[in-house]
Amino acid sequence: MIAFGVAVTRSEDYERWAGPGIERVREPDSAVYPNSSPGSIFRAYNLLLDLAAAHGGLEALVLLHQDVEIVDDDFCRKVRAAFADPDVAVAGCVGALDARTMAWWEGAVTWASFTHRYHEHGGGLLPAFAMSPHDVKLPAYARTGQVDTIDGFIMVLSPWAVRNLRFDETLGQFHGYDYDLCRQARAAGRKVVTADLKVHHHHSLELMPDPENWIEANIRLTEKWESRNGGAGARDWKARARRAEAQASAANVQRISAKMQAAARERELLTELESITGSASWRSTAPIRRLAAAARARARRASRG
Amino acid sequence: MIVFGCSITSPDMYRDAAQTGMSRAAEPDSVIIANAAAGSLMRSYNLIMDKAAELDDVEALVLVHQDAELVDADFCARIRRALTEPDVGVIGCVGAIDVRNIAWWEGSVTWGSFTHRYTEYGGGQIDAFTFTEDNHPGYARTGEVDTLDGFILVMAPWTIQHIRFDETLGQLHGYDYDFCLQVREAGKKVMTADFKAIHHHSLDLVTDETVWIEAHKRVAEKWLGRMHPAGLPNWGAANDDWKGRALQAEAEAGAERLTRVSIQMKAEAQLRRHKAEMEEVTHSTSWRLTRPLRVLGEQVRRRRGGRGARNGGPHGQDGTRPSANSTPPPVDGSG
């Protein structure tokens with residue numbers, strides 16, 4: 001039996017995205033747990049693990065964010081295929097190798113079969129590189145298989161993982177739970193893999209809404225895993241600090257540069273649009289457009305009524 | 001006599017920016033030392049300082065990047081006023097206090113009377129917060145600072161004789177911060193003054209990140225413990241808490257990088273919306289119906305020799321658009 005679990009903090013998101021996606025792919029015997037979220041995502045997910053662990057016939061537990069919509073009709077078959085290898089503990093649709101911190105995207109990403117759907121600027125979508133291989137050729141580095149970590153917006157856990165791993169509730173509220181669980185699985189000798197699971201992630205374009213919490217979680221995770229590795233990365237803290245401080249400053253300038261470029265581009269686009277909407281021909285034909293809009297509205301009303 | 005100096009790697013840029021500004025600002029007896037770059041910027045500037053040191057009656061040496069354009073016709077009077085302050089070592093038009101590394105803009109910026117003029121996206125400019133005379137924020141003030149942006153540095157005579165740029169630091173980055181620290185270590189003041197400049201610069205602020213990072217490390221190593229708070233992190237760790245500093249900075253760098261991605265994604269979304277709006281307009285019946293009128297209008301304008309575009313178009317006399325609004329102070333990572 002494949003179970004599904006969601007920690008819900010905004011019911012409307014669940015009703016709109018995660019819920020319908022689960023309904024699309026669930027099997028008749030699937031258990032579905034849409035739980036309200038008691039505190040951190042670590043705690044909420046541990047509760048879901050406890051619930052799923054009680055099922056004797058559990059084949060996998062799918063943990064997904066409330067804003068994730070599974071759009072893959074073949075989802076359950078793909079999950080079973082991913083777990084055909086008994087050593088696989090965690091599977092996801094986005095993953096990276098050489099992920100050294102919870103910023104896994106700074107590692108070598110090998111698979112990403114999702115689409116980022118945003119609501120800003122009238123809405124739109126940004127497909128990741130492996131979302132539509134029939135339309136967009138896969139890059140040479142695209143491959144499913146073993147990775148260091150996966151993106152936690154959708155995580156599929158094996159029965160072993162459900163019964164033997166737990167999210168580390170000491171790490172914070174939200175960030176880094178995925179990286180930490182993958183490290184735990186690998187530390188126990190199990191595999192973390194990507195699979196060709198298709199999902200939509202309905203998410204704002206704001207990727208860093210709480211940098212302070214993110215930074216704290218990053219520090220805690222780095223300390224946790226470096227100390228377990230015998231402090232391999234800590235041979236020369238001074239050199240690391242010097243380099244990291246310089247990199248942080250450089251990253252800060254690059255962010256400012258990106259912001260300035262975005263502002264400059266916006267000005268250019270606005271000027272372009274204004275050159276049209278301010279033109280004599282556009283202004284002189286405004287009454288025609290108003291008439292046409294009124295006619296369209298009337299037609300819509302008539303078709304509804 | 002006020003001496004001007006410039007190290008040139010792009011003669012065209014020098015002609016369009018630095019030379020134009022120096023011609024505007026120089027007095028009849030001013031000497032202009034325009035040298036081809038001799039290796040690093042540090043070495044090139046030291047060569048100019050050596051030449052200036054040999055001249056008699058030098059009141060100040062103005063070192064100008066080739067892409068910096070002085071704006072004020074009364075520039076010399078302004079810097080003479082600023083130099084009346086006792087113990088002034090060096091003056092600039094952008095400066096900050098509590099600066100801890102070469103990224104001076106991470107300190108508390110107190111003055112920025114320049115505009116960043118770019119050519120990308122049709123060109124435009126972003127004014128720093130004291131470039132125009134109105135709407136100065138409450139924290140704007142000229143006076144003593146920790147460091148200046150080096151795109152324009154005005155040296156007092158004492159400085160010309162006694163201080164040199166540190167040629168061991170690299171090719172370009174951090175020379176201004178290091179120089180200001182040297183001046184302050186010698187007991188002289190680093191000051192901002194109200195003179196205006198245009199910085200003709202790309203919106204790419206750091207094009208050689210690896211070199212910039214090396215300079216950052218070298219300058220921090222040189223000054224930690226020598227001049228407080230140089231070499232300390234921005235968040236108040238102890239000098240030797242290297243583990244804490246490393247973990248914090250690595251996390252901050254990650255957060256900055258993700259934020260940049262977020263900004264780029266928003267810009268992409270904005271571009272798509274704009275394209276959709278443009279398509280809606282240009283595919284509308286009224287726009288298509290009035291196409292002959294626009295073609296006719298275009299022909300008339302062309303026949304008139306484009307006078308309209310020069311006089312009343314959206315672009316200014318120099319082909320760039322004026323800044324649309326007051327933006328946060330632009331910072332320049334190339335300094």
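Fair warning: this is a prediction, and the values are worked out from it, not measured in the lab. So that the names make sense, note that chain A is the first sequence line, chain B the second, and so on, each numbered from 1.
- Of all the heavy atoms in Ala246(A) and Trp212(B), the pair that sits closest is O-CZ3, 3.5 Å.
- With contacts defined as side-chain heavy-atom distances shorter than 4.5 Å, the pair Tyr121(B)/Leu269(A) does not qualify.
- Within the 3.5 Å criterion, the main-chain N or O of Ala103(B) finds no donor-acceptor partner in the side chain of Ser249(A).
- Using modelled atom types, one side-chain atom of Arg272(B) and one backbone atom of Leu125(A) make a donor-acceptor pair closer than 3.5 Å.
- Per-residue heavy-atom pair counts under 4.5 Å with chain A were compared for Ala276(B), Ala269(B), Pro233(B), Ala220(B), and the maximum is reached by Ala269(B).
- Interatomic distance, CZ of Arg240(A) versus CZ of Arg245(B), reported as 14.0 Å (0.5 Å rounding).
- Here the OG1-CZ distance, from Thr285(A) to Arg288(B), works out to 12.0 Å after rounding to the nearest 0.5 Å.
- Between Trp214(A) and Ala255(B) the shortest heavy-atom distance is CZ3-N, 3.3 Å.
- In this structure, no portion of Ser275(A) lies under 4.5 Å from any heavy atom of chain B.
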query: Going through the checks in order, is the side chain to side chain donor-acceptor pair (under 3.5 Å) test met by Gln254(A) and Glu209(B)?
result: CA-CA 9 Å; Gln254(A) 299 290 22; Glu209(B) 192 170 304; 3.0 Å; yes
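- Atom CE of Met265(B) sits about 5.0 Å away from atom CG of Leu207(A), to the nearest 0.5 Å.
- Separation of atoms CD1 (Ile256(A)) and CH2 (Trp105(B)) is listed at 7.5 Å; rounding is to 0.5 Å.
- Under a 4.0 Å N-O distance rule, the pair Glu214(B)/Arg243(A) qualifies as a salt bridge.
- When every heavy atom of Glu256(B) is checked against every heavy atom of Ala248(A), the shortest pair comes out as CG-O, 4.2 Å.
- In this structure, Glu268(B) and Arg265(A) have side chains that are in contact, with non-hydrogen atoms separated by less than 4.5 Å.
- When Lys275(B), Arg260(B), Lys243(B) are compared by the number of non-hydrogen pairs under 4.5 Å with chain A, Lys243(B) comes out ahead.
- By number of non-hydrogen pairs under 4.5 angstrom with chain B, the leading residue of Thr222(A), Asn218(A), Leu273(A), Ile276(A) is Ile276(A).
- A salt bridge does not link Glu250(B) to Arg100(A): none of the charged side-chain nitrogens sits closer than 4.0 Å to a carboxylate oxygen.
- Formation of a donor-acceptor pair under 3.5 Å by the Thr259(B) side chain with backbone atoms of Met208(A) is not found in this model.
- Within the 4.5 Å cutoff, no side-chain heavy atoms of Glu268(A) are placed close to those of Leu271(B).
- By the 4.5 Å heavy-atom criterion applied to side chains, Met260(A) and Leu205(B) are counted as neighbours.
- Per-residue counts of heavy-atom pairs under 4.5 Å with chain A were compared for His274(B), His216(B), Glu277(B); the largest is that of His274(B).
- Here the CG-CD distance, from Asp204(B) to Gln261(A), works out to 5.0 Å after rounding to the nearest 0.5 Å.
- For the pair Lys266(B) and Glu266(A), the minimum side-chain heavy-atom distance is 4.5 Å or more.
- Comparing Glu274(A), Glu216(A), Glu272(A) by heavy-atom pairs within less than 4.5 Å of chain B, the highest count is held by Glu272(A).
- By the 6.0 Å contact criterion, CZ on Arg16(A) is open, its count of non-hydrogen atoms from other residues, nucleotides or ligands being 12 or less.
- When the candidates Ser284(B), Gly231(B), Ala246(B) are compared by the number of heavy-atom contacts under 4.5 Å with chain A, Ala246(B) comes out ahead.
- Only the side chain of Thr282(B) has a heavy atom closer than 4.5 Å to any heavy atom of chain A.
- Contact of the Gln270(B) side chain with the Glu120(A) side chain is not registered, since no non-hydrogen atoms from C-beta on lie closer than 4.5 Å.
- For the atom pair CD1 of Ile215(A) and CG of Leu247(B), the computed distance is 12.0 Å after rounding to the nearest 0.5 Å.
- The shortest side-chain heavy-atom distance between Glu252(B) and Gln247(A) does not fall under the 4.5 Å cut-off.
- Within the 4.5 Å cutoff, no side-chain heavy atoms of Glu245(A) are placed close to those of Asn101(B).
- With a 4.5 Å cut-off on non-hydrogen atoms, Ala103(A) does not touch chain B at all.
- Interface remark: Glu206(A) contributes backbone and side-chain atoms alike to the contact with chain B (heavy atom separation under 4.5 Å).
- Ser202(B) does not touch chain A: none of its heavy atoms, backbone or side chain, sits under 4.5 Å away.
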